Participant: 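Here it is, the structure in full.
A quick note: this is a predicted structure, and the numbers were derived from the prediction, not measured.
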Amino acid sequence: MDTPVAAAGPSAWQGATLEEQDWLVSLQPPLPAPAPGRATGDASWGPDGADAVARAARCLSHGPGLAVVRGLGLGTSTDDECVEVCRRFMAPLGDVRPANPDHPGDSLVTAAAPAPALLARPHGPDRDLAPHTDRARFPGPPRLLGMLCVRPARHGGESVLVSGHAVHNALLRSRPDALPHLYQDFHFGRGPDFEHIYPVFRRGAGRLSVQYNRYWITRGQPEHGIPLSTAQVAALDAFDEVLADPRMALRVRLRRGDLLLVDNMTILHGRTPFTDAPPPHAGRCLARVWAD
């Protein structure tokens with residue numbers, strides 16, 4: 001392994017110093033949703049939409065690695081139509097992955113999203129979702145993640161965003177002994193479509209990539225018969241200690257029509273606990289789309 005060097009540029013930010021103008025793409029007046037039935041990736045957004053896509057692309061590639069597009073008019077769109085709105089906006093940014101009808105929870109993220117018992121996680125609406133990158137199904141981690149707010153929670157549910165590059169730099173300063181272990185391969189889970197093996201940090205083509213999900217690493221290693229070593233656990237603990245520093249995170253409460261775009265190779269995302277309105281009111285819902 002090469003000697004780790006600090007990640008440079010605007011992607012190595014801390015939430016305490018990041019300015020709203022660095023990541024917010026505000027549409028005034030709001031951009032109406034394209035007419036139903038038009039093909040993904042067509043020119044249905046018009047000049048204002050094209051400008052918003054270009055501004056978001058700059059934030060992703062030459063800025064903090066994330067953007068919040070505020071002002072996508074959803075009108076009376078159904079949840080499934082909102083997924084399509086998200087797909088259309090993201091189409092110029094990358095190759096949008098097809099939706100998997102066998103896994104509706106991949107596209108619509110709610111407190112009640114169906115999930116096999118095998119994949120049940122130790123978190124729910126009443127607990128934090130720790131910052132992580134998406135591993136997704138085959139062929140593996142996507143380059144881009146889009147989360148369109150269909151309905152916010154009644155209380156809580158803020159998005160928590162952390163720069164993986166800033167975490168790397170913090171470890172380089174305070175725990176350089178941990179970094180060699182984080183440049184080694186980990187098993188991120190096991191099972192159909194989830195045989196993912198890669199390091200937390202890796203460099204390629206002059207760029208630092210980050211993939212992290214403590215829950216799936218902790219599960220994946222013993223499921224492959226390879227328990228984590230004491231040194232690996234200490235390195236992962238060091239990573240989590242940096243994540244827990246409140247200065248590292250940017251917190252954003254998404255509104256209906258807000259589209260959060262994230263470079264999944266740079267930025268970790270999570271959320272705070274939330275409370276939904278009681279039935280018959282519909283609960284928090286995000287339309288999720290992956291692109292490469």
Participant: So, Ser209 side chain and Met265 main chain: donor-acceptor pair closer than 3.5 Å or not?
Facilitator: no

Participant: Any cation-pi pair here, Arg284 with Phe274, using under 6.0 Å and within 45°?
Facilitator: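 Yes, a cation-pi geometry.
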
Participant: Compare all side-chain heavy atoms of Leu179 with those of Phe201 and state whether any distance is below 4.5 angstrom.
Facilitator: yes

Participant: Less than 4.5 Å apart, any side-chain heavy atom of Asn213 and any of Thr133?
Facilitator: no

Participant: What's the shortest heavy-atom distance between Gly257 and Leu74, and which atoms?
Facilitator: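 Minimum heavy-atom separation between Gly257 and Leu74: N-CD1, 3.8 Å.
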
Participant: With the side chain counted from C-beta on, respond yes when Val289 and Leu148 share a heavy-atom pair under 4.5 Å apart, and no when they do not.
Facilitator: no

Participant: Heavy atoms, side chains only, cut-off 4.5 Å: are Arg127 and Pro273 in contact?
Facilitator: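 Side-chain contact under 4.5 Å: no.
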
Participant: Out of curiosity, Met90 CE to Leu144 CG, how far, rounded to the nearest 0.5 Å?
Facilitator: 5.5 Å

Participant: Are the charged groups of Asp128 and Arg271 less than 4.0 angstrom apart, N to O?
Facilitator: no

Participant: Of all the heavy-atom pairs spanning Pro131 and Val160, show the shortest one and how long it is.
Facilitator: CG-CG1, 4.2 Å

Participant: With a 4.5 Å heavy-atom cut-off, do Phe239 and Leu171 have their side chains touching?
Facilitator: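 Yes, side chains in contact.
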
Participant: What side chain to side chain donor-acceptor pair (under 3.5 Å) pairs are there with at least one residue in residues 152-173, not counting sequence neighbours?
Facilitator: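 For residues 152-173: Ser11-His165, His168-Tyr183.
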
Participant: When rounded to the nearest 0.5 angstrom, what distance separates CD in Gln211 from CG in Asp134?
Facilitator: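 Result: 8.5 Å between the selected atoms.
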
Participant: I'd like to check Val210 versus Val167 (side-chain heavy atoms, cut-off strictly below 4.5 Å). Are they in contact?
Facilitator: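 They are not in contact (no side-chain heavy atoms under 4.5 Å apart), so the answer is no.
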
Participant: CG/Leu254 to CG/Leu260 distance, rounded to the nearest 0.5 angstrom?
Facilitator: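 Going from the CG atom of Leu254 to the CG atom of Leu260 covers 5.5 Å.
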
Participant: Quick check on the hydrophobic clustering: are Val150 and Val69 connected, directly or via other members, by side-chain heavy-atom contacts under 4.5 Å?
Facilitator: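 No; Val69 is not reachable from Val150 via cluster members.
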
Participant: Can you name the nearest heavy-atom pair linking Asp106 to Arg288, along with the distance?
Facilitator: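 Reported closest heavy-atom pair: O-NE, 2.8 Å.
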
Participant: Within the structure provided, determine whether Arg143 and Trp290 are in side-chain contact (heavy-atom separation under 4.5 Å).
Facilitator: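 No, side chains not in contact.
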
Participant: If the threshold is 4.0 Å, N to carboxylate O, is there a salt bridge linking Asp237 and Arg214?
Facilitator: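 Salt bridge flag = yes for Arg214 with Asp237.
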
Participant: Hey, could you give me the CG/CD distance between Leu236 and Gln221, rounded to the nearest 0.5 Å?
Facilitator: 8.5 Å

Participant: Evaluate the side-chain proximity of Trp23 to Leu261: yes if any heavy-atom separation is below 4.5 Å, no if none is.
Facilitator: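 A side-chain contact under 4.5 Å is absent here.
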
Participant: Do Thr266 and Arg207 have side-chain N/O donor and acceptor atoms under 3.5 Å apart?
Facilitator: yes

Participant: Can a donor-acceptor pair be found between the side chains of Arg202 and Tyr198 at a distance below 3.5 Å?
Facilitator: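 The criterion, which ignores hydrogens and geometry beyond distance, is not satisfied for Tyr198 and Arg202.
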
Participant: Does Arg253 pair with Asp258 as a salt bridge, N-O distance under 4.0 Å?
Facilitator: no

